[in-house]
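Read the structure below first, then the notes.
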Amino acid sequence: MLYEQLDLVLNKPSSDSSVRPSKEALKRVAVNNTLPFIGFGFMDNLVMIVAGDMIDYKIGAILGISTMAAAAWGNLISDVFGLALAGYIEGFAIRFGMVTPEITPQQADMWSTRAAAALRTLGIVIGCVIGMLPLLFLHTGNKYEADESNTFPSS
């Protein structure tokens, strides 16, 4: 019974199914798909860089793991933070004016709407670039020189 009702609603012919979304609706789709991804890209790169650097210089120097292994651990930590902070990032984006547009499923499937939604790629690029700011403040010397008590050879 529920499946039949859902099928009727989803497959109901709509008189506005061929009507393109308004420019305002497309703008809202673009904002909805850009703002949260700026936040996510920022947090992802920021946490990954800081965590990877800390692992590389503190734990990596002691255990002798490679910089790539430290980066992989930093990425793991960043991904966990991303999952944990996803709701907060969306809430922050809503506070900045993210309003869900009222469009039909047919309008959501149109090329113009998909193109507006593709701006999430631009959002994540902007966020990742902003999230690279810690690179300006990181230690750039040899990780084995960080702690004089290390017995690892510097190469």
Side-chain angles (χ1 to χ4, degrees), residues 6 10 17 19-155:
L6 181 63
L10 291 177
S17 66
V19 175
R20 295 184 65 164
S22 67
K23 288 186 180 184
E24 182 64 28
L26 291 175
K27 180 182 169 186
R28 286 183 180 172
V29 168
V31 169
N32 282 9
N33 283 281
T34 304
L35 282 181
F37 281 94
I38 290 174
F40 176 75
F42 169 74
M43 288 303 298
D44 188 53
N45 252 6
L46 179 92
V47 172
M48 180 183 62
I49 290 168
V50 171
D53 186 59
M54 291 299 288
I55 291 167
D56 191 28
Y57 279 95
K58 301 295 180 186
I59 300 169
I62 294 168
L63 298 178
I65 65 172
S66 69
T67 299
M68 289 304 291
W73 280 103
N75 188 46
L76 173 76
I77 292 168
S78 175
D79 289 346
V80 170
F81 267 78
L83 288 173
L85 297 175
Y88 294 106
I89 292 170
E90 276 189 36
F92 193 68
I94 288 170
R95 286 190 204 116
F96 269 103
M98 192 173 82
V99 180
T100 304
E102 294 185 20
I103 57 175
T104 65
Q106 292 84 6
Q107 289 174 323
D109 200 36
M110 291 182 172
W111 184 88
S112 58
T113 309
R114 289 177 182 248
L119 287 175
R120 69 181 69 135
T121 304
L122 178 63
I124 206 158
V125 167
I126 291 169
C128 284
V129 169
I130 296 169
M132 288 182 200
L133 285 174
L135 291 173
L136 298 173
F137 307 103
L138 295 181
H139 179 270
T140 57
N142 187 334
K143 70 179 178 180
Y144 298 112
E145 295 171 357
D147 185 1
E148 297 297 326
S149 66
N150 283 337
T151 57
F152 296 104
S154 58
S155 51

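All heavy atoms count here, side chains included; hydrogens, waters and symmetry mates do not.
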Shortest non-hydrogen contact from [X] toward [Y]:
X: Pro101; Y: Asn32; value: CD-ND2, 3.4 Å
X: Ile49; Y: Pro134; value: CG2-CB, 4.0 Å
X: Ala25; Y: Ile103; value: CB-CG2, 3.9 Å
X: Ser78; Y: Val47; value: CA-CG1, 3.7 Å
X: Ala51; Y: Gly74; value: CB-CA, 4.0 Å
X: Arg20; Y: Met110; value: CA-SD, 3.9 Å

Give the C-alpha distance, both sets of side-chain angles, the deciding distance and a yes or no for side-chain contact (heavy atoms from CB on, under 4.5 Å) between Ile55 and Ile77. CA-CA 11 Å; Ile55 291 167; Ile77 292 168; 3.7 Å; yes

Carefully, step by step, assess Leu46 and Leu133 under the rule side-chain contact (heavy atoms from CB on, under 4.5 Å). CA-CA 8 Å; Leu46 179 92; Leu133 285 174; 5.9 Å; no

Can you check side-chain contact (heavy atoms from CB on, under 4.5 Å) on Leu83 and Val80, steps first, answer last? CA-CA 5 Å; Leu83 288 173; Val80 170; 5.8 Å; no

Leu119 and Asn33, any side-chain heavy atoms less than 4.5 Å apart: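 A side-chain contact is absent here, since even the closest heavy-atom pair is not under 4.5 Å.
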
For the side chain of [X] and the backbone of [Y], is there at least one donor-acceptor N/O pair under 3.5 Å apart?
X: Asp44; Y: Phe40; answer: no
X: Asn45; Y: Cys128; answer: yes
X: Gln107; Y: Val19; answer: yes

Pair Thr113, Leu26 - check side-chain contact (heavy atoms from CB on, under 4.5 Å), show working. CA-CA 6 Å; Thr113 309; Leu26 291 175; 3.7 Å; yes

Nearest 0.5 angstrom please: [X] [atom1] to [Y] [atom2], how far?
X: Ile126; Y: Leu122; atom1: CD1; atom2: CG; answer: 4.0 Å
X: Asp56; Y: Trp73; atom1: CG; atom2: CH2; answer: 14.5 Å
X: Ile89; Y: Ile94; atom1: CD1; atom2: CD1; answer: 12.5 Å
X: Met132; Y: Leu138; atom1: CE; atom2: CG; answer: 12.5 Å

Could you tell me whether Glu102 atom CD has more than 12 heavy atoms of other residues or ligands within 6.0 Å of it?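 Open: at most 12 neighbouring heavy atoms sit under 6.0 Å from CD of Glu102.
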
